[in-house]
Amino acid sequence: MSDRAKEALRAQSANLAATAHEIAFSGAYLYPFKGIFHLASRPPLYTPLLHRSLQTLTLGLSVTTSLFFFTYIPQSAVVALLTGPLAFLSPLTTALLVLTESAALTHFLARGWILSDALIDIFDAVLLEKGCEALVSRGREVKKLQAGRGDGVVSRLGKLLKKPRFVGEGGLSGWAAGLARSVLLLPLNFVPLVGTVGYVYVAGKKAGPGLHERYFQLRGLSEREREEWVERRRGGYTGLGMASVLLEMVPFVSILFEFSNAVGAALWAADLEKGRK
C-alpha cells in the first residue's frame with residue numbers, strides 16, 4: 001500500500017473515531033427512546049396518532065408484505081452470490097434488506113401524504129408540555145387550556161400559521177430527493193451486518209436535522225443559520241438520526257416509531273431551547 005493510501009486510511013479512521021466519540025458523548029441518540037416512554041405515559045398525545053393510525057398501519061403492513069412476497073427470493077439469490085463464504089448469512093441479510101426497503105418506502109409515502117400535519121401537532125404539543133409556549137406561538141395559534149378537556153395540550157393547538165411543506169423533507173422536490181437517496185443507499189445492506197450499520201449511519205446523518213425542521217422553522221433560522229447550528233452539534237444530530245432510523249426499520253410498527261421519534265426530537269428541542277436561554 002502506498003504512503004498516500006496509508007495516510008488517507010489513517011485520516012478516515014481518525015475521522016470515524018472522532019465522529020463516534022461525538023455521537024456517544026452527545027447523548028442525543030437517547031431521545032428517540034425517551035420519546036417512546038414519554039408518548040406511552042401520556043395518553044392525551046395519542047390523539048394525532050389515533051386519527052391516522054388505521055391508514056398508516058395498513059400502509060406499512062401492505063408495503064412490507066408485498067416486498068417480502070415479490071422481492072425476498074430474488075434479493076436472497078443476489079445476496080448469496082455477492083457474499084461468497086458468508087452466504088449462510090444471506091437469509092438474515094436479505095430480511096434486513098427487505099425490512100429496510102419497506103421502512104424507507106412506508107416512511108416516505110406516509111410522511112408525504114398522511115402524517116405531515118399529525119407530526120407537526122405532536123411536536124408542538126410536546127413543546128407546549130415543556131413550557132415552550134412562546135416558541136410554539138410563532139408558528140401556530142395557541143389556545144388557553146379548556147377545563148374538562150381530556151386531551152390537555154393537544155386541545156390548545158390552534159390554526160397553523162407556519163407549516164413546513166413536508167416535515168424534514170423540504171417540499172415535493174425534497175421528498176423525491178429523499179426517496180431517491182434512500183434507494184441509492186439500500187445496496188449497502190447487501191453487505192452482511194456491516195452494510196446495515198453503514199446504511200443506518202449514512203441515513204441517520206441526513207435524518208437527524210430533518211427531525212428538527214419544525215424547530216428551525218419556529219426559531220426563524222435562515223438556511224445558513226440552520227447549517228451552522230447543525231454543524232456545531234453534528235454528533236448529536238447524527239446520533240438522533242441513527243437511533244430514529246433504526247427504530248423505523250422495525251416492521252409493522254415503524255409508523256408508531258415515527259411519532260415517538262417526533263416526540264423525542266421535540267424533547268431534545270425543548271432542552272436545547274432551555275440551554276440556549
Side-chain angles (χ1 to χ4, degrees), residues 19 22-23 25-36 38-39 45 48 107-108 110-112 115-140 153 157 160-171 174-175 177-178 181-182 200-248 257-277:
T19 301
E22 290 179 11
I23 292 172
F25 281 87
S26 71
Y29 57 87
L30 295 174
Y31 280 92
F33 301 100
K34 292 179 181 180
I36 295 172
H38 190 90
L39 180 61
L45 291 178
H107 167 86
F108 283 103
R111 177 166 282 204
L115 300 179
S116 57
D117 288 348
L119 291 171
I120 295 171
D121 287 348
I122 204 165
F123 191 94
D124 289 355
V126 173
L127 288 179
L128 283 178
E129 275 190 339
K130 293 299 180 179
C132 299
E133 181 174 339
L135 181 66
V136 175
S137 63
R138 297 178 187 178
R140 76 186 310 150
V153 290
L157 300 177
L160 284 170
L161 305 176
K162 296 179 181 179
K163 177 181 176 181
R165 289 167 291 181
F166 290 140
V167 179
E169 296 298 338
W175 179 88
R181 182 173 55 251
S182 291
V200 170
Y201 169 72
V202 177
K205 189 175 182 179
K206 182 66 178 179
L211 287 165
H212 267 183
E213 191 69 29
R214 178 62 170 172
Y215 177 50
F216 300 145
Q217 182 191 49
L218 295 175
R219 287 274 312 278
L221 299 182
S222 67
E223 189 66 26
R224 181 176 179 179
E225 290 171 333
R226 176 188 183 280
E227 290 174 358
E228 292 174 350
W229 174 273
V230 171
E231 194 57 39
R232 290 196 299 269
R233 299 161 180 82
R234 174 56 64 187
Y237 279 104
T238 300
L240 177 72
M242 289 179 68
S244 298
V245 168
L246 189 63
L247 288 172
E248 289 171 12
F257 287 130
E258 280 265 358
F259 281 87
S260 63
N261 286 340
V263 172
L267 291 173
W268 191 33
D271 288 345
L272 288 172
E273 190 68 6
K274 292 174 183 177
R276 188 175 68 86
K277 291 180 178 180

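Worth saying up front: this structure is predicted, and the values here are computed from it rather than measured.
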Exercise for the section: To the nearest 0.5 Å, tell me how far Leu115 CG sits from Ile120 CD1. Expected result: 11.0 Å
Exercise for the section: Could you go through the side chain to side chain contact (heavy atoms under 4.5 Å, CB included) check for Val263 and Ile36 one step at a time? Expected result: CA-CA 8 Å; Val263 172; Ile36 295 172; over 6 Å; no
Handout entry: Enclosure of Arg232 CZ (heavy-atom neighbours >12, cutoff 6.0 Å)
Key = yes
Fill in the blank from the handout: Taken to the nearest 0.5 Å, the spacing of Leu157 CG from Arg140 CZ works out to 4.5 Å
Handout entry: salt_bridge(Arg226, Glu213) N-O dist < 4.0 Å
Key = yes
For residues 235-245, which side-chain donor-acceptor pairs fall under 3.5 Å, sequence neighbours excluded?
residue	atom	partner	partner atom	Å
Tyr237	OH	His212	ND1	2.9
Tyr237	OH	Trp229	NE1	2.9
Thr238	OG1	Arg234	O	2.9
Ser244	OG	Leu240	O	2.9

Exercise for the section: Calculate, to the nearest 0.5 Å, the distance between atoms CD and CG belonging to Glu227 and Leu221 respectively. Expected result: 11.0 Å
Exercise for the section: Could you give me the CA-CA distance, side-chain angles and deciding distance for Asn261 and Tyr31, then say whether side chain to side chain donor-acceptor pair (under 3.5 Å) is met? Expected result: CA-CA 8 Å; Asn261 286 340; Tyr31 280 92; over 6 Å; no
Exercise for the section: Could you tell me which non-hydrogen atom of Phe257 sits nearest to which non-hydrogen atom of Leu247, and how far apart they are? Expected result: CD1-O, 3.1 Å
Practice task
Could you check if a side-chain atom of Phe216 sits within less than 4.5 angstrom of a side-chain atom of Val230, using non-hydrogen atoms only?
Solution key: yes
Exercise for the section: Looking only at non-hydrogen atoms, find the nearest pair between Arg233 and Leu272 and report the distance. Expected result: NE-CD2, 4.0 Å
Problem - Side-chain heavy atoms of Tyr215 within contact of Leu135, under 4.5 Å - result: yes
Fill in the blank from the handout: Note: Asp121 and Pro48 closest approach over all heavy atoms is CB-CG, 4.1 Å
Exercise for the section: State, with a plain yes or no, whether a side-chain heavy atom of Glu273 is found less than 4.5 Å away from one of Arg219. Expected result: yes
Handout entry: Flag side-chain contact, heavy atom, 4.5 Å: Leu45 against His38
Key = yes
Handout entry: Gap between atom OG of Ser137 and atom CG of Leu127 - 0.5 Å precision
Key = 11.0 Å
Practice task
For residues Lys162 and Arg214, report the shortest heavy-atom separation together with the two atoms involved.
Solution key: O-NH1, 2.7 Å
Problem - Qualifying residues under ring pair (Phe, Tyr, Trp, His ring centres under 6.0 Å), relative to Phe25, sequence neighbours excluded - result: His21
